[in-house]
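Please read the structure below before turning to the comments.
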Amino acid sequence: MTTRIVRLLAVAVVSVSLILVSTACRIGDVSRSLVDTSDNGSLPDEGVNLDSSSAAITRLDPDLLDALRRAVADARSQNIDIRITSGWRSRDFQQSLFADAVGTYGSEDAASRFVASPDKSKHVTGEAVDVGPTDAMDWMSRNGSDYGLCQIFANELWHYELVADDGCPDLLPDASAL
(Lines give C-alpha, C1' and ligand atoms only; values in the text may rest on other atoms or scores of the structure.)
Protein backbone atom coordinates (compact mmCIF):
# COMPACT_ATOMS: atom_id res chain seq x y z
CA MET A 1 0.00 0.00 0.00
CA THR A 2 2.83 2.43 0.77
CA THR A 3 4.41 1.91 -2.66
CA ARG A 4 1.08 2.66 -4.32
CA ILE A 5 0.72 5.94 -2.37
CA VAL A 6 4.26 6.98 -3.29
CA ARG A 7 3.54 6.29 -6.97
CA LEU A 8 0.29 8.26 -6.84
CA LEU A 9 2.06 11.17 -5.15
CA ALA A 10 4.83 11.06 -7.76
CA VAL A 11 2.27 11.12 -10.59
CA ALA A 12 0.45 14.00 -8.89
CA VAL A 13 3.66 16.01 -8.47
CA VAL A 14 4.63 15.48 -12.12
CA SER A 15 1.12 16.41 -13.28
CA VAL A 16 1.03 19.60 -11.23
CA SER A 17 4.53 20.50 -12.45
CA LEU A 18 3.50 20.05 -16.08
CA ILE A 19 0.40 22.21 -15.53
CA LEU A 20 2.47 24.96 -13.92
CA VAL A 21 5.08 24.91 -16.69
CA SER A 22 2.37 24.93 -19.37
CA THR A 23 0.59 27.87 -17.71
CA ALA A 24 3.85 29.79 -17.34
CA CYS A 25 4.61 29.28 -21.04
CA ARG A 26 1.15 30.55 -22.06
CA ILE A 27 1.50 33.58 -19.79
CA GLY A 28 4.93 34.25 -21.30
CA ASP A 29 3.50 34.03 -24.82
CA VAL A 30 0.70 36.45 -23.94
CA SER A 31 3.03 38.97 -22.34
CA ARG A 32 5.43 38.79 -25.30
CA SER A 33 2.59 39.52 -27.72
CA LEU A 34 1.42 42.56 -25.72
CA VAL A 35 4.79 44.10 -24.85
CA ASP A 36 7.28 45.02 -27.52
CA THR A 37 10.86 44.84 -26.35
CA SER A 38 12.58 45.22 -29.70
CA ASP A 39 14.64 48.22 -30.58
CA ASN A 40 14.19 48.06 -34.37
CA GLY A 41 10.72 49.59 -34.32
CA SER A 42 8.70 46.42 -34.89
CA LEU A 43 5.36 46.27 -33.10
CA PRO A 44 2.80 43.56 -32.44
CA ASP A 45 0.09 43.26 -35.10
CA GLU A 46 -2.54 44.79 -32.83
CA GLY A 47 -0.37 47.88 -32.33
CA VAL A 48 0.37 49.77 -29.14
CA ASN A 49 -0.83 52.91 -27.45
CA LEU A 50 1.25 56.05 -27.18
CA ASP A 51 2.32 55.17 -23.63
CA SER A 52 4.37 52.25 -24.95
CA SER A 53 8.07 52.19 -24.13
CA SER A 54 8.79 50.73 -27.57
CA ALA A 55 11.39 52.49 -29.69
CA ALA A 56 8.67 52.74 -32.36
CA ILE A 57 6.99 55.31 -30.09
CA THR A 58 9.84 56.83 -28.07
CA ARG A 59 11.85 57.66 -31.20
CA LEU A 60 9.02 59.52 -32.94
CA ASP A 61 9.49 63.20 -33.72
CA PRO A 62 8.36 65.11 -30.57
CA ASP A 63 5.99 67.37 -32.54
CA LEU A 64 4.38 64.35 -34.23
CA LEU A 65 4.03 62.63 -30.87
CA ASP A 66 2.39 65.72 -29.35
CA ALA A 67 -0.11 65.98 -32.22
CA LEU A 68 -0.87 62.27 -31.89
CA ARG A 69 -1.44 62.57 -28.13
CA ARG A 70 -3.99 65.34 -28.71
CA ALA A 71 -5.75 63.41 -31.48
CA VAL A 72 -5.80 60.17 -29.49
CA ALA A 73 -7.30 61.94 -26.45
CA ASP A 74 -10.06 63.49 -28.54
CA ALA A 75 -10.75 60.21 -30.34
CA ARG A 76 -10.93 58.41 -27.01
CA SER A 77 -13.59 60.87 -25.84
CA GLN A 78 -15.64 59.61 -28.80
CA ASN A 79 -14.98 55.95 -27.88
CA ILE A 80 -12.42 55.47 -30.67
CA ASP A 81 -9.22 53.64 -29.73
CA ILE A 82 -6.35 54.71 -31.98
CA ARG A 83 -3.52 52.19 -31.93
CA ILE A 84 -0.10 52.78 -33.45
CA THR A 85 0.65 49.80 -35.67
CA SER A 86 3.94 51.24 -36.89
CA GLY A 87 6.00 54.27 -35.95
CA TRP A 88 9.75 54.86 -36.01
CA ARG A 89 11.65 52.05 -37.75
CA SER A 90 15.36 51.36 -37.91
CA ARG A 91 16.96 51.50 -41.35
CA ASP A 92 17.61 47.75 -41.16
CA PHE A 93 13.98 46.99 -40.30
CA GLN A 94 12.75 49.26 -43.11
CA GLN A 95 15.15 47.54 -45.51
CA SER A 96 13.81 44.13 -44.49
CA LEU A 97 10.22 45.33 -45.08
CA PHE A 98 11.25 46.66 -48.49
CA ALA A 99 13.06 43.41 -49.37
CA ASP A 100 9.97 41.41 -48.34
CA ALA A 101 7.84 43.63 -50.60
CA VAL A 102 10.25 43.09 -53.51
CA GLY A 103 9.84 39.35 -52.98
CA THR A 104 6.06 39.69 -52.86
CA TYR A 105 5.61 42.07 -55.80
CA GLY A 106 8.50 40.90 -57.99
CA SER A 107 10.49 44.11 -58.45
CA GLU A 108 11.71 47.20 -56.62
CA ASP A 109 9.44 49.39 -58.77
CA ALA A 110 6.34 47.40 -57.88
CA ALA A 111 7.36 47.10 -54.22
CA SER A 112 7.94 50.85 -53.90
CA ARG A 113 4.22 51.44 -54.46
CA PHE A 114 3.60 49.87 -51.04
CA VAL A 115 6.83 50.17 -49.04
CA ALA A 116 9.36 52.98 -49.25
CA SER A 117 13.07 52.27 -49.25
CA PRO A 118 14.97 53.26 -46.08
CA ASP A 119 16.28 56.34 -47.91
CA LYS A 120 12.75 57.62 -48.57
CA SER A 121 10.69 56.33 -45.64
CA LYS A 122 9.49 58.88 -43.10
CA HIS A 123 9.23 56.02 -40.61
CA VAL A 124 13.04 55.86 -40.48
CA THR A 125 13.21 59.49 -39.36
CA GLY A 126 10.33 59.12 -36.89
CA GLU A 127 8.10 61.41 -38.93
CA ALA A 128 5.34 58.91 -39.82
CA VAL A 129 2.96 56.53 -38.09
CA ASP A 130 0.50 53.90 -39.20
CA VAL A 131 -2.74 53.69 -37.24
CA GLY A 132 -5.43 51.09 -36.70
CA PRO A 133 -7.95 49.57 -36.38
CA THR A 134 -10.41 50.49 -39.14
CA ASP A 135 -12.55 52.83 -37.00
CA ALA A 136 -9.37 54.69 -36.01
CA MET A 137 -8.37 55.08 -39.67
CA ASP A 138 -11.84 56.43 -40.40
CA TRP A 139 -11.66 58.87 -37.48
CA MET A 140 -8.20 60.05 -38.56
CA SER A 141 -9.33 60.57 -42.17
CA ARG A 142 -12.11 62.85 -40.93
CA ASN A 143 -10.26 64.59 -38.07
CA GLY A 144 -6.50 64.14 -38.43
CA SER A 145 -6.01 67.41 -40.30
CA ASP A 146 -7.30 69.28 -37.22
CA TYR A 147 -4.04 68.20 -35.57
CA GLY A 148 -1.82 68.60 -38.63
CA LEU A 149 -1.89 64.83 -39.17
CA CYS A 150 -2.31 64.07 -42.83
CA GLN A 151 -2.80 60.95 -44.87
CA ILE A 152 -0.11 61.14 -47.53
CA PHE A 153 -0.75 58.22 -49.88
CA ALA A 154 -4.09 57.40 -51.51
CA ASN A 155 -3.43 53.67 -51.17
CA GLU A 156 -2.47 53.79 -47.46
CA LEU A 157 -5.45 54.79 -45.32
CA TRP A 158 -3.40 54.04 -42.20
CA HIS A 159 -0.29 56.18 -42.88
CA TYR A 160 -0.07 59.68 -41.32
CA GLU A 161 2.57 62.36 -41.18
CA LEU A 162 2.65 65.72 -39.44
CA VAL A 163 2.37 68.51 -42.00
CA ALA A 164 2.82 72.26 -41.53
CA ASP A 165 -0.21 74.35 -40.60
CA ASP A 166 -0.96 75.06 -44.27
CA GLY A 167 -3.34 72.10 -44.40
CA CYS A 168 -2.96 68.65 -45.83
CA PRO A 169 -1.43 68.30 -49.29
CA ASP A 170 -3.12 66.48 -52.14
CA LEU A 171 -2.74 62.72 -51.78
CA LEU A 172 0.07 61.05 -53.65
CA PRO A 173 -1.08 57.90 -55.47
CA ASP A 174 1.37 55.72 -53.51
CA ALA A 175 4.86 55.65 -51.98
CA SER A 176 6.54 55.36 -55.40
CA ALA A 177 5.64 59.02 -56.00
CA LEU A 178 8.17 60.15 -53.38
Side-chain angles (χ1 to χ4, degrees), residues 30-98 100-101 104 111-178:
V30 168
S31 66
R32 278 192 298 276
S33 70
L34 297 177
V35 178
D36 175 60
T37 58
S38 68
D39 61 1
N40 69 358
S42 64
L43 291 174
D45 290 342
E46 67 273 10
V48 297
N49 63 37
L50 289 175
D51 296 330
S52 171
S53 61
S54 168
I57 302 300
T58 62
R59 296 185 75 176
L60 287 174
D61 174 81
D63 292 333
L64 172 60
L65 190 55
D66 180 60
L68 284 165
R69 287 188 197 287
R70 290 183 287 114
V72 165
D74 288 349
R76 189 174 295 131
S77 73
Q78 298 171 32
N79 295 317
I80 303 294
D81 181 30
I82 296 176
R83 309 283 293 170
I84 306 303
T85 58
S86 189
W88 171 86
R89 298 175 187 154
S90 70
R91 289 184 62 77
D92 287 345
F93 182 46
Q94 186 68 31
Q95 180 59 47
S96 72
L97 294 174
F98 186 69
D100 287 347
T104 298
S112 69
R113 294 186 57 226
F114 305 98
V115 180
S117 71
D119 294 330
K120 293 183 177 182
S121 174
K122 294 284 189 165
H123 285 283
V124 172
T125 59
E127 298 175 284
V129 294
D130 296 345
V131 301
T134 306
D135 61 341
M137 287 185 253
D138 176 60
W139 190 92
M140 287 290 289
S141 72
R142 290 182 287 107
N143 301 288
S145 62
D146 295 342
Y147 308 89
L149 299 168
C150 299
Q151 179 185 342
I152 301 300
F153 308 114
N155 70 333
E156 293 187 17
L157 306 175
W158 53 86
H159 181 95
Y160 284 83
E161 298 175 15
L162 183 64
V163 177
D165 295 328
D166 299 336
C168 291
D170 291 337
L171 293 175
L172 297 174
D174 56 52
S176 68
L178 290 174

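If you read the sequence from its start, that first residue is 1, and numbering goes on from there. The figures that follow rest on heavy atoms only: side chains count, while hydrogens, waters and symmetry mates do not.
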For this session: Would you kindly say whether Ser90 and Asp92 are connected by a side-chain donor-acceptor distance under 3.5 Å?
Result: no
For this session: May I have the step-by-step check of salt bridge (Lys or Arg N to Asp or Glu O under 4.0 Å) for Arg70 and Asp74, ending in yes or no?
Result: CA-CA 6 Å; Arg70 290 183 287 114; Asp74 288 349; over 6 Å; no
For this session: Mind listing the closest non-hydrogen atom pair of Leu64 and Gly126 along with its distance?
Result: CD2-O, 3.5 Å
Seminar exercise, completed: For Ala111 and Phe98, the nearest pair of non-hydrogen atoms, with its separation, is CB-CE1, 4.2 Å
Problem set entry | Distance, nearest 0.5 Å, that separates CZ of Arg91 from OG1 of Thr125 | 10.5 Å
Exercise. Trp88 side chain to Ile57 main-chain N or O, any donor-acceptor pair under 3.5 Å?
Worked result: no
Problem set entry | Spacing of CG belonging to Asp135 relative to CG belonging to Asn79, to within rounding of 0.5 Å | 10.0 Å
Determine all donor-acceptor pairs shorter than 3.5 Å in which one atom belongs to a side chain in residues 168-178; sequence neighbours excluded.
unit_1, atom_1, unit_2, atom_2, d
Asp174, OD1, Ser176, N, 2.9
Asp174, OD1, Ser176, OG, 2.3
Asp174, OD2, Arg113, NE, 3.1

Exercise. For Leu157 and Val131, what are the C-alpha separation, side-chain angles and deciding distance, and is it a side-chain contact (heavy atoms from CB on, under 4.5 Å)?
Worked result: CA-CA 9 Å; Leu157 306 175; Val131 301; over 6 Å; no
Problem set entry | Thr58 side-chain N/O to Ser54 backbone N/O, donor-acceptor pair under 3.5 Å | yes
For this session: Apply side-chain contact (heavy atoms from CB on, under 4.5 Å) to the pair Glu127 and Leu162, showing each step before the final yes or no.
Result: CA-CA 7 Å; Glu127 298 175 284; Leu162 183 64; over 6 Å; no
Problem set entry | Option passing side-chain contact (heavy atoms from CB on, under 4.5 Å) with Val72 (candidates Ile80, Asn49, Leu50) | Leu50
For this session: Start with the C-alpha gap between Tyr160 and Ser145, add the side-chain angles, then the distance that decides, and say whether side-chain contact (heavy atoms from CB on, under 4.5 Å) holds.
Result: CA-CA 10 Å; Tyr160 284 83; Ser145 62; over 6 Å; no
Seminar exercise, completed: Note: Trp139 and Ala71 closest approach over all heavy atoms is CH2-O, 3.4 Å
Exercise. Short question: side chain of Gln151, backbone of Phe153 - any donor-acceptor pair under 3.5 Å?
Worked result: yes
Seminar exercise, completed: Closest heavy-atom pair, His123 versus Ala128, reported as atoms and distance to 0.1 Å, is ND1-O, 3.4 Å
Problem set entry | Side-chain heavy atoms of Lys120 within contact of Val115, under 4.5 Å | no
Exercise. Closest heavy-atom contact between Pro133 and Arg83?
Worked result: CD-CG, 4.1 Å
Seminar exercise, completed: Here the pair of heavy atoms bringing Asp45 nearest to Thr85 is O-CG2, 4.2 Å
Exercise. Rounded to the nearest 0.5 Å, how far does CD1 of Ile84 lie from CD of Glu46?
Worked result: 13.5 Å
For this session: Check the pair Leu60, Val129 against side-chain contact (heavy atoms from CB on, under 4.5 Å), reporting the backbone distance first and the verdict last.
Result: CA-CA 9 Å; Leu60 287 174; Val129 294; 3.8 Å; yes
Exercise. Does any N or O in the side chain of Ser121 come within less than 3.5 Å of the main-chain N or O of Pro118, such that one atom is a donor and the other an acceptor?
Worked result: no
Problem set entry | salt bridge (Lys or Arg N to Asp or Glu O under 4.0 Å) between Lys122 and Asp61, worked out | CA-CA 10 Å; Lys122 294 284 189 165; Asp61 174 81; over 6 Å; no
